[in-house]
Every structure is written in C-alpha cells, then in structure tokens.
Amino acid sequence: MNLYSRLSIERKRTVWAWAFLSVPIFFYVVIRFYPTADAMVLSFQNWNLLGARSWAGLDNYVRLWGDPVFWKVFRNTFMYLILGTPISLVISFVIAYNLDKTRFLHGTLRALYFLPFLTTAVAMAWVWRWFYQPVPIGLFNNILSSVGIGQVRFLNSTSNALPSVLAPAIWAGLGFQIIIFMAGLRAIPVSYYEAARIDGVSNWTILREITLPLLKPTIVFLVVFSSIGFLRIFDQVFNMTTNDPGGPLNSTMPLVMMIYQTAFSSYSMGYAAAQTVVLFTVLLVVSLVQLRILRDR
Amino acid sequence: MKSMRKMALGLTTSVATLISAQAVSAVEIEYWQYIFDTRVQAMDTLIERFQEENPGITVRHSTFPLADYRTRLAAAIPAGQGPDVMQLFYGWLDAYVDEGLVQPLPTDVFAPEMIEEEFFPMVAAMKRDGAYMALPTAVRSLALFYNTRLMSAAGFDTPPETLEEMVDMARAMTVRDGSGNITQVGITTGMNAQDHHWFREVLTRQFGAEPYLDNYRTVNYATPEGVAAFEFYTGLEATEGVSQSGFMDEPQAAFRAGRAGMHIDGSFRIGALEGTRGLDWGVAALPASADGVTANYGSYWVNAITNRAQGERKEAAVKFMEFVTSEEAMQLWLDVVGELPARPSVALTDENLANPVYGPFIEGLATAQTTLFLDETAQRQVLMDAVQRVLLEGMSPADSLMVAQEAEQEIIDRLGGN
C-alpha cells in the first residue's frame with residue numbers, strides 16, 4: 001500500500017491499465033498460446049489420447065512428407081483458395097458496386113444478399129447436398145433431366161466435387177463481403193466523383209482511377225480475410241461428404257478435414273498436430289505475402 | 001429471538017442429517033452410451049428395473065451423439081471424468097486395456113468358464129489374461145432386407161437364396177426413366193454403409209478367398225478369388241446396372257423411401273425400419289454363393305467397468321453389469337432395439353428363430369466372423385476408395401483391389417498389428 005501511494009499518477013494509471021489488461025492476457029495465454037505451443041510440441045510426439053505421450057522426433061513430419069494423401073489435400077486446400085477468393089471477391093464487388101447505385105428497394109436487396117451469411121453452414125451444406133443429388137431426389141439434376149439434358153455428377157465425381165462444394169461456401173460468404181465493399185464505397189468522398197464528372201471522365205476511368213485505388217484497404221482486408229477462410233474450409237466439405245469424407249478419392253478433402261480425421265477418427269494426435277503446424281505455417285505465410293503485396297506503397 | 005435461532009439450528013441439523021443419510025445409503029453410478037433412440041429407450045427401461053431391484057443404487061444415464069462419442073470417452077476417461085460403466089465398440093477395447101483404463105470383470109461373478117459356456121463364442125475376443133474385460137448385451141449380424149411390394153410387383157414371392165437369384169431379382173426391380181437414369185435400384189450399394197463388412201467377411205469367403213491371415217494382421221483379399229468377389233460387387237453397378245452408389249444419398253434412405261428392392265444391413269436397422277409408413281419389408285438370410293457357401297459378419301458393443309469405479313461404486317457397477325448382461329436384459333434389448341441376444345439361451349429359442357424378422361439374423365450368427373479392426377474408419381475408407389477407383393476412374397477391379405490390400409496392410413502395420 002505504501003509502495004502504491006508513493007507512485008506518481010502516471011505510474012498509478014499504468015498499474016491500473018495492466019491490472020485490467022492482465023485478465024484478457026491471462027485468458028489468451030491459457031486458451032490460445034499454451035495450446036498452440038503444446039500442439040507444436042505434440043507434433044514431435046506420438047499420442048493416442050488415452051495413454052502417455054512418447055517422443056517421436058521428426059517421424060510425424062517425415063510421414064507427412066511421404067504421404068500422397070497429404071499432397072493431394074495440400075493441392076485441394078490451395079484450389080479452394082485460388083478458386084474461392086478471386087471468384088467471391090469479383091462477384092461481391094460487382095454486386096456491391098451496382099447495389100450502391102440502386103435506390104429502389106436498396107435495403108431489402110442488401111438484406112437478401114446478407115441473409116446466406118446468417119445461415120448455419122451445416123444447414124446450408126445439407127440443403128445443397130440434396131440439390132446436388134442425382135435423380136430422383138436432386139433438384140438440379142431433376143431440372144436438367146426435365147429439359148432433356150443428361151445428368152451431371154456433382155458430388156460423385158473427382159473433378160466436379162471440389163467446385164460443387166466450393167459454390168455454396170462462396171455464396172455463403174458473399175453477404176459479408178458485399179457489406180464490407182459497400183462500406184468501403186461509401187467511404188470514398190463524393191467530391192472526387194463530382195470533380196471527375198465535371199472533367200467529363202468516363203465511368204470506366206472513374207472505376208479504375210478513383211474507386212478501385214481508394215478501395216485498396218477494403219480489398220486488402222477482404223483478400224486476407226477470405227483467403228484465411230478458404231484455407232480453413234471445413235464445415236461445407238464435412239457436411240456435404242459425410243458418406244465418403246473428403247471424397248470421392250480425397251478429391252474434396254481440405255487440410256483442416258485431414259487434421260480432424262487424423263485426430264478424431266484415427267486418434268493419431270501427434271500426426272494431426274504436425275499437420276496443424278503445417279496449416280499454421282501456410283496461413284502465416286499466405287497472410288504475410290498478401291499483406292506485403294497489397295500494402296500501400 | 002432465541003427460540004427462532006434454536007429452531008433454525010435444529011432445522012439445519014436435521015436437513016444435514018437427512019442429506020448425509022441419503023449419501024450413505026445411495027450410490028450413484030454413471031453409465032454412458034451413444035444416442036440411438038431405441039437403445040436409449042431400452043437402457044432407460046433396464047435402469048428403471050435395476051433400480052427397483054437395487055433400491056440403494058441410482059444409475060445416471062448419459063448419452064452422446066455417435067459422431068463424437070468415441071472422442072468424449074477418450075477425453076473423459078483418462079481425465080477421471082468419465083462414467084463408471086461405459087458402452088464401447090469391441091474394436092476400441094484394446095487401447096483402453098493397454099492403458100489400464102478398464103477393470104477386468106471380477107472372476108467370482110463373471111467366471112470365464114461360465115461366460116464361455118453361456119455366451120456366443122465371438123465374445124471370446126474380450127478375454128485378456130484369464131479374465132473378461134467387457135461383455136456385450138447384444139450382438140449384430142447382417143441380413144438382406146427386401147421390399148415386399150416391389151418384389152411381388154416384379155413377380156417374386158420368395159426372397160433370393162443365392163447371389164445369382166439376387167442379381168436376377170435386382171434386375172427385375174430396377175427402374176429407369178426415359179433418359180436412362182435410375183429412379184429405383186434393385187439393390188442398394190455403398191461401401192460406406194454395411195457393404196464393406198459384406199464384402200470383407202462374406203463375399204470374399206463365398207468366392208473362395210480368405211480375406212485375412214494371422215488373426216487379421218495380414219490382408220489377403222487381393223487373390224484371384226477375392227478379385228472375383230470384388231468384380232461381382234462393383235459389377236452390380238458397373239455391368240449389371242442394378243444399383244448406383246450414392247443413390248438417394250444413403251442406402252438405407254433409399255430403402256426406407258421404397259426406392260430400393262433389396263438392402264443389406266445390420267440387425268440394428270430393424271428398429272428404425274419398423275413403423276415406416278408405406279413400407280412393407282421382409283428379412284432373409286444373406287444370399288449363399290452358387291456352391292452354397294454362407295458367411296456373415298458379427299460385431300457388438302460391449303459394456304465395461306472403468307477404473308473410476310472404486311469401492312462401493314465398483315460393487316454397484318458390477319451389479320449393474322450383471323444385470324445388463326442377464327437373460328432378461330437381452331430379451332428386452334432384442335424386443336426394443338432389435339439387436340440379437342449375446343447368450344444363445346436367449347437367442348436360439350424356437351420363438352426367436354421362427355421370428356420372420358430376427359430369425360434370419362440369428363441364423364447368421366452361426367457363421368458370423370468378427371473382423372479385428374485396428375482403425376475401422378480408415379480400413380473402411382480403403383474399400384470405399386477401391387470401389388470409386390473402379391467406378392469413377394475406370395481402374396480394373398484387380399488393380400484397384402491390390403492397391404486397397406497394400407493400403408490396408410500399411411494401416412495394420414503402422415498401428416502395431418505386427
């Protein structure tokens with residue numbers, strides 16, 4: 001007490017600030033950092049959840065390197081990213097750009113676009129899973145068949161399955177991206193547009209020279225955010241392929257799902273932790289690279 | 001004021017006495033199993049009866065979705081937070097025994113000689129060092145479900161007895177629309193469901209192969225005989241066109257919806273099919289091969305006492321184990337869940353054998369083999385992939401089965417089978 005009363009007001013403030021900050025810091029250390037560090041340690045061990053852990057050295061990483069399924073899954077994970085991020089950004093920008101100019105039913109339309117984002121991924125995945133079924137129960141195939149077009153194997157195909165699983169994932173994320181884009185568009189001062197109009201500049205030039213450059217912070221945010229989202233894709237794949245998890249023939253299996261299966265169906269916790277470390281590294285590298293490329297010069 | 005205080009004191013004391021008195025006379029043990037409506041219902045009834053017979057014991061029944069049941073057990077039991085008695089799949093027991101997390105059943109109550117005499121022999125897989133570690137209430141086998149309406153519409157009044165007849169009937173019951181798309185399958189297929197058992201333990205043997213050697217530690221199905229069995233299985237879709245994997249999402253869904261003529265499934269499906277509106281179905285033994293070979297796959301969930309049950313809780317747990325493996329419990333389990341009694345004395349009664357629904361399953365127990373899986377999900381995936389390589393990528397059944405054999409052997413070797 002004596003010690004405290006001798007502190008200057010400035011110091012007392014710092015003490016109080018740390019006193020309050022210590023709660024979330026403690027929480028983060030226990031809930032986030034400790035398990036993360038533990039997972040890294042675990043990746044050098046073998047553990048089946050029931051018994052004691054035993055050291056395995058680099059075995060788990062060596063096994064990962066030599067596992068053809070892992071490389072397939074690695075490729076899938078990047079396919080989700082490479083297809084998902086640009087497609088979703090272009091679609092959401094086009095919608096946001098046009099929605100921003102629409103006055104008629106503006107609020108309703110915006111709400112409609114945002115609605116899928118509010119829907120549970122699990123429910124959505126199951127509804128789409130049924131859409132994709134072959135006749136007699138699949139909606140899409142029933143429509144195709146009623147106009148005399150042959151069946152499309154959406155999910156039961158090594159080439160179509162990944163895009164089919166990705167489509168609802170993109171659709172679900174659109175609402176959020178549209179809202180962020182619209183906020184970004186609204187933040188651009190109207191005076192710039194007015195000046196451009198007075199100068200008689202075309203719409204295309206306005207888009208290229210004013211809108212897109214000024215949207216850069218928004219784009220950076222969305223690219224990083226949606227990339228992380230697609231690299232971590234799980235719910236959609238898990239729920240749409242429960243009959244053949246990540247299948248057919250691992251063609252839709254993302255890294256997160258491989259981790260899940262290794263951990264909670266094969267109970268190889270160490271091997272799963274090694275995969276987690278790889279995912280962590282990938283996410284870190286991709287985010288850093290994107291921030292670097294897209295940051296303001 | 002003083003009297004008020006006295007009264008309060010007296011009240012507190014008597015309440016405290018009451019609570020402690022109850023604590024002395026009542027033992028509460030916890031029982032865990034996964035959620036499957038009829039099983040939960042059957043266990044609730046059993047617990048009620050057990051508590052009536054043993055007034056001092058309460059059993060708390062907790063259930064979890066099957067999807068994460070195994071993880072729940074694995075997380076809770078080493079942490080000492082698990083149940084006193086748990087239900088687990090026979091294939092999981094080894095890991096718990098190795099880590100000393102389950103207690104052997106006391107031999108004075110569960111004498112090995114008594115068990116060997118009174119239970120079906122497949123239960124022997126639960127014996128370690130002269131004592132039983134776990135015991136099932138019920139066992140399961142496979143049989144052929146058929147849709148009676150579709151059968152009679154196709155002109156058949158008895159179910160198939162051989163594989164050849166099965167294919168012929170399936171052909172007659174398959175319906176396609178104008179563009180050639182299947183809208184009703186003759187027989188359901190799907191390695192993700194029970195078909196991987198049907199192939200592994202039944203078809204391979206019927207075609208003359210020995211699927212595993214060295215007590216399930218060496219995979220051996222990629223022999224010419226095994227390939228013939230695999231060609232038969234994949235041929236149902238690829239050449240005969242009487243099936244379609246993934247038709248209506250799940251084999252059992254197609255059968256329940258009345259869009260499948262035949263469906264191979266376990267006895268646990270009975271409860272779910274009963275009372276399905278508009279569905280008339282029957283059960284027949286699995287079709288025999290051309291030369292009359294029959295085989296079946298048997299599996300079971302067992303009950304085991306964890307190391308959490310000590311002292312009077314252990315006594316209560318043993319009593320409860322005794323009760324759930326009694327003849328009475330088994331008959332109830334059969335009536336409610338449709339799973340077959342683990343004691344021949346209950347299973348092989350004339351009444352049960354003559355039962356049109358359970359009869360074929362019980363008959364199957366005689367030839368049932370229990371696969372000793374090390375990682376059932378991964379081993380199942382191997383066969384699912386084998387079929388997909390044939391159907392989607394056009395690989396020959398022989399090559400695909402060889403890839404599967406190598407992949408499964410690798411799983412077994414890695415998990416310490418050798």
Side-chain angles (χ1 to χ4, degrees), chain A residues 46-53 59 63 66-69 126 129-130 132-138 141-142 144-161 238-251 253 260-269 271, chain B residues 67-68 70-75 77-79 92 94-101 175-184 190-193 244-251 253-254 257 259 374-381 384-389 391-393 395 407 410-411 414-416:
Chain A
N46 283 330
W47 188 37
N48 69 355
L49 207 59
L50 288 175
R53 301 180 180 188
D59 282 4
R63 183 178 157 200
D67 188 346
V69 176
W126 275 86
R129 171 179 173 164
W130 288 324
Y132 282 143
Q133 293 298 314
V135 285
I137 59 169
N141 272 320
N142 274 334
L144 290 178
S145 135
S146 66
V147 293
I149 300 174
Q151 297 278 287
V152 176
R153 282 173 173 257
F154 288 104
L155 293 174
N156 192 19
S157 147
T158 46
S159 51
N160 296 349
F238 183 77
N239 286 291
M240 289 175 80
T241 64
T242 47
N243 280 338
D244 182 355
L249 295 170
N250 297 317
S251 59
M253 173 104 64
Y260 176 83
Q261 292 226 320
T262 313
F264 300 113
S265 126
S266 296
Y267 292 89
S268 302
M269 292 300 170
Y271 190 38
Chain B
D68 59 21
R70 193 178 173 188
T71 313
R72 294 259 186 171
L73 282 181
I77 287 172
W92 307 346
D94 273 325
Y96 288 90
V97 172
D98 290 348
E99 304 300 339
L101 295 168
V175 177
R176 288 170 186 274
D177 66 10
S179 346
N181 304 313
I182 286 196
T183 54
Q184 179 177 305
M191 280 289 186
N192 58 315
Q244 185 182 319
S245 62
F247 177 72
M248 292 190 74
D249 208 27
E250 279 179 76
R259 294 271 190 166
L374 286 166
D375 180 350
E376 187 178 347
T377 316
Q379 286 172 276
R380 179 187 74 153
Q381 187 70 46
M384 281 157 65
D385 288 351
V387 171
Q388 295 287 37
R389 278 191 297 270
L391 296 180
L392 298 181
E393 296 188 329
M395 194 188 257
E410 202 188 304
I411 294 169
R414 178 160 38 77
L415 294 176

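To find a chain, count down the sequence lines: A is the first, B the second, and so on, and within it residues start at 1. Only heavy atoms go into these numbers, but all of them, side chains included; no hydrogens, no water, no symmetry mates.
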So which of B/Q184, B/R70, B/E250 has the largest heavy-atom pair count under 4.5 angstrom toward chain A?
B/R70
Chain B contact via A/Y132 - which portion, at a heavy-atom distance below 4.5 Å:
neither
Identify which part of B/E376 has an atom lying under 4.5 Å from any heavy atom of chain A, answering side chain, backbone, both or neither.
neither
Which atoms of B/Q381 approach chain A - backbone, side chain, both or neither, heavy atom under 4.5 Å
side chain
Here the pair of heavy atoms bringing A/L49 nearest to B/P78 is O-CG, 3.8 Å
Tell me, side chain or backbone of B/M248 under 4.5 Å from chain A's heavy atoms, or both, or neither?
both
Largest heavy-atom contact set with chain A, pairs under 4.5 Å, which of B/I411, B/I182, B/N192
B/N192
Residue B/D375 versus chain A: region with a heavy atom under 4.5 Å:
side chain
Main-chain N/O of B/D249 paired to A/N243 side chain as donor or acceptor, under 3.5 Å
yes
Atom group of B/L391 that falls short of 4.5 Å from chain A, counting heavy atoms:
neither
Partners of A/F264 by ring pair (Phe, Tyr, Trp, His ring centres under 6.0 Å), sequence neighbours excluded?
A/Y260
Please check: side-chain N/O of A/T241 versus main-chain N/O of A/G246, any donor-acceptor pairing under 3.5 Å?
yes
Heavy-atom pair count under 4.5 Å with chain B, highest-scoring of A/T242, A/L50, A/N141, A/T158
A/L50
Closest heavy-atom contact between B/A75 and B/A79?
O-CB, 3.6 Å
Verdict with reasoning, A/N156 to B/Q388, per side-chain contact (heavy atoms from CB on, under 4.5 Å)
CA-CA 9 Å; A/N156 192 19; B/Q388 295 287 37; 3.3 Å; yes
Need one label for B/D177: side chain, backbone, both or neither, based on atoms under 4.5 Å from any heavy atom in chain A.
side chain
Closest contact, heavy atoms only, A/A161 versus A/S251
CB-OG, 4.1 Å
Got a sec, which residues hit ring pair (Phe, Tyr, Trp, His ring centres under 6.0 Å) with B/F247, two or more places apart in sequence or on another chain?
none
With only heavy atoms counted, which part of B/L392 is less than 4.5 Å from chain A, the side chain, the backbone, both or neither?
side chain
Heavy atoms of B/P251 and B/A193 approach each other most closely as CG-CB, 3.9 Å
Is A/A263 close to chain B through its backbone or its side chain, or both, or neither, when contacts mean heavy atoms under 4.5 Å?
neither
Is a side-chain N or O of A/Q133 found less than 3.5 angstrom from the main chain of A/R129, in a donor-acceptor match?
yes
Applying salt bridge (Lys or Arg N to Asp or Glu O under 4.0 Å) to A/R53 and not counting sequence neighbours gives A/D38
With a 4.5 angstrom heavy-atom cut-off, is it the side chain or the backbone of B/R389 that approaches chain A, or both, or neither?
both
Counting only N and O atoms by type, is there a donor-acceptor contact under 3.5 Å from the side chain of A/Y271 to the main-chain atoms of A/D59?
no
Which residues in residues 146-155 of chain A have any heavy atom closer than 4.5 Å to a heavy atom of chain B?
A/Q151, A/R153
